[in-house]
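Values reported hereafter were calculated over all heavy atoms of this structure, with side chains retained and with hydrogens, waters and symmetry mates removed. A quick note: this is a predicted structure, and the numbers were derived from the prediction, not measured.
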Amino acid sequence: YFIQGYETWQGQIEKVDNSYRLPLKKIVIASWLKKLMEEKFGDADVPLITNAVNLAHFFNEDKRFNSPARILLMHHEAEYKGMNDALKALEIVKSNKPDVEIIMFGTKKPADIPNGIEFHLKPYGEKLRQLYCSSDIFVSPSWSEGCQLPPMEAMACQCAVVASNVGGIPDYSIPGKTALVFEPRDIQTMANHIIYLLENPDELKRISFAGYQHIKHFTWDHTAQKMEQIFLNALAEQA
């Protein structure tokens, strides 16, 4: 049973919970899910396999820092993605650093996007990589996630990541070293972290490079090997 999130968003919590009580071997993609399986469902033997990033698709061979700086984030209409929080934080940032550029991308262009924000619709493949590479800071403001990929992709492209401490962030980042982390819905701290990086270019460069050095160890080859080993161990137990 490959668990990638606590999938209760359609309101059928009892059905979801009952599925976790089935006699199946569980595999989770984030430590918070592993903790949930143990504490709520009494299953302490749940292997963790964190998501990975494809370094052949997300890379930056010529990292350059912009002046004024460019801040990138992914737009999503779901409330739990924290977009309203991010916009409020960016208002604070703009009041301190009015020249900063804000870029968004998403699968649907919002009708109420604030003036002055550059928006890219469905930038897949090379277009998405170029967005990451051309930006200085990537902001991830979600209230909840499974193990989100965009911060990993941004780190692989040497963006400095400012992210809420949810989903995979505790598993693939080191707060203060490879990313700046805040608690979900903490708008002021989100803004403070962004302003800190804007006012301290050496720290911006340090986080950008450290994030890349760290995330490049999270490869799909390594993840596939871990998954294969779980299957081999399960087969050995049945022999």
Hey, what do you get for CG (L90) to NZ (K97), rounding to the nearest 0.5 Å?
14.5 Å

If every non-hydrogen atom of Y132 is compared with every non-hydrogen atom of C159, which pair is closest and at what distance?
O-SG, 2.9 Å

Using a 3.5 Å distance criterion without hydrogens, assess whether the side chain of S173 forms a donor-acceptor pair with backbone atoms of P170.
no

Do K94 and E91 sit within salt-bridge range, that is, some charged N less than 4.0 Å from a carboxylate O?
no

For G176 and L180, work out which heavy atoms get closest and say how close.
CA-CD2, 4.0 Å

In plain terms, say whether E145 and K81 are close enough for a salt bridge, that is, a side-chain N and a carboxylate O under 4.0 Å apart.
yes

Give a yes or no on whether the backbone of G168 and the side-chain of Q148 come within a donor-acceptor separation of less than 3.5 Å.
yes

Keeping the roles fixed (side chain from H57, backbone from G125), state whether a donor-acceptor pair exists under 3.5 Å.
no

Quick one: is the NZ or CZ of K63 closer than 6.0 Å to the six-membered ring centre of F65, and within 45° of its axis?
yes

Apart from V46 itself, what residues make up its hydrophobic cluster when side-chain heavy atoms of I, L, V, M, F, W and Y under 4.5 Å apart count as a link, directly or indirectly?
Y1, F2, I3, Y6, I13, V16, Y20, L22, L24, I27, V28, I29, W32, L33, L36, M37, F41, L48, I49, M227, I230, F231

Side chains of I194 and I92 in contact at under 4.5 Å (non-hydrogen atoms):
no

Shared hydrophobic cluster, L204 / L72 (ILVMFWY, side-chain heavy atoms < 4.5 Å):
no

Which heavy atom of K216 sits nearest to which heavy atom of L55, and what is that distance?
O-CD1, 3.5 Å

Is there a side-chain contact between N18 and E14 in this structure, where contact means two heavy atoms from C-beta onward sitting under 4.5 Å apart?
yes

Go through the steps to decide whether F58 and L128 satisfy the test side chain to side chain contact (heavy atoms under 4.5 Å, CB included), and finish with yes or no.
CA-CA 9 Å; F58 296 100; L128 179 57; 4.0 Å; yes

Can you label the angle between the Y172 ring and the F218 ring as parallel, tilted or perpendicular, going by 30° and 60°?
perpendicular

From Q130 CD over to C133 SG, what is the distance, rounded to the nearest 0.5 angstrom?
5.5 Å

Given 3.5 Å as the limit, does a donor-acceptor pair link the side chain of N51 with the main chain of C147, or not?
yes

Applying side chain to side chain contact (heavy atoms under 4.5 Å, CB included) to H214 and I174, what does each step give before you reach the verdict?
CA-CA 9 Å; H214 185 66; I174 305 172; 3.9 Å; yes

Between CD1 on residue I207 and CE on residue M155, distance to nearest 0.5 Å
9.0 Å

Given the rule that I, L, V, M, F, W and Y join up when any side-chain heavy atoms are under 4.5 Å apart, are V139 and L149 in one cluster?
no

Verify same cluster id: M83, F105 (apolar side-chain graph, 4.5 Å):
no

May I ask you to decide whether D45 forms a salt bridge with K26, counting only side-chain N to carboxylate O separations under 4.0 Å?
no

Would you confirm whether E101, through its side chain, and A69, through its main-chain N or O, come within 3.5 Å as a donor-acceptor pair?
no

Is the shortest side-chain heavy-atom distance between K108 and E77 below 4.5 Å?
yes

Show your working on side chain to side chain contact (heavy atoms under 4.5 Å, CB included) between K40 and D17 and close with a plain yes or no.
CA-CA 9 Å; K40 187 168 183 176; D17 287 356; 3.3 Å; yes

Applying salt bridge (charged side-chain N to carboxylate O under 4.0 Å, His left out) to E38 and K35, what does each step give before you reach the verdict?
CA-CA 5 Å; E38 180 174 0; K35 183 178 180 181; over 6 Å; no

Would you check if the side chain of R70 reaches a backbone N or O of I103 as a donor-acceptor pair within less than 3.5 Å?
no

Using 4.0 Å as the upper bound for N to carboxylate O, is an ion pair formed by R64 and D62?
yes

Strictly distance-based, threshold 3.5 Å: is any side-chain N or O of N233 a donor or acceptor partner for the main-chain N or O of Q229?
yes

Note, V93 side chain near I71 side chain (heavy atom, < 4.5 Å)
yes

Are more than 12 heavy atoms from other residues, nucleotides or ligands located less than 6.0 Å from atom NZ of K109?
no

Would I215 and T178 satisfy side chain to side chain contact (heavy atoms under 4.5 Å, CB included), going step by step from the backbone distance to the final call?
CA-CA 9 Å; I215 209 64; T178 67; over 6 Å; no

Answer yes or no: is there a donor N or O on one side and an acceptor on the other, between the side chain of T107 and the main chain of K122, under 3.5 Å?
no

Rounded to the nearest 0.5 Å, what's the gap from OG on S164 to CH2 on W143? Could you check?
11.0 Å

Are the side chain of D171 and the backbone N or O of A30 linked by a donor-acceptor pair below 3.5 Å?
no

How long is the gap from CG on N54 to CD on E153, to the nearest 0.5 Å?
9.5 Å

Spell out, yes or no, whether V181 and I137 are grouped together once hydrophobic residues are joined by side-chain heavy atoms under 4.5 Å, including indirect joins.
no

For residues V161 and P151, report the shortest heavy-atom separation together with the two atoms involved.
CG2-O, 3.7 Å

Measure across V166 and P184 and return the closest heavy-atom pair with its distance rounded to 0.1 Å.
CG1-CG, 3.8 Å

When every non-hydrogen atom of K177 is compared with those of A210, the smallest separation belongs to O-CB, 3.2 Å

According to a hydrophobic-cluster definition based on side-chain heavy atoms being under 4.5 Å apart (Ile, Leu, Val, Met, Phe, Trp, Tyr only), do I102 and L198 belong together?
yes

Nearest-0.5 Å distance that lies between atom OG1 in T50 and atom NE2 in H222:
8.5 Å

How about H76 and S142: do any of their side-chain heavy atoms sit closer than 4.5 Å?
no

For D186 and T189, indicate whether the former's side chain and the latter's backbone hold a donor-acceptor pair under 3.5 Å.
yes

Is atom OH of Y212 surrounded by more than 12 heavy atoms (other residues, nucleotides or ligands) closer than 6.0 Å?
no

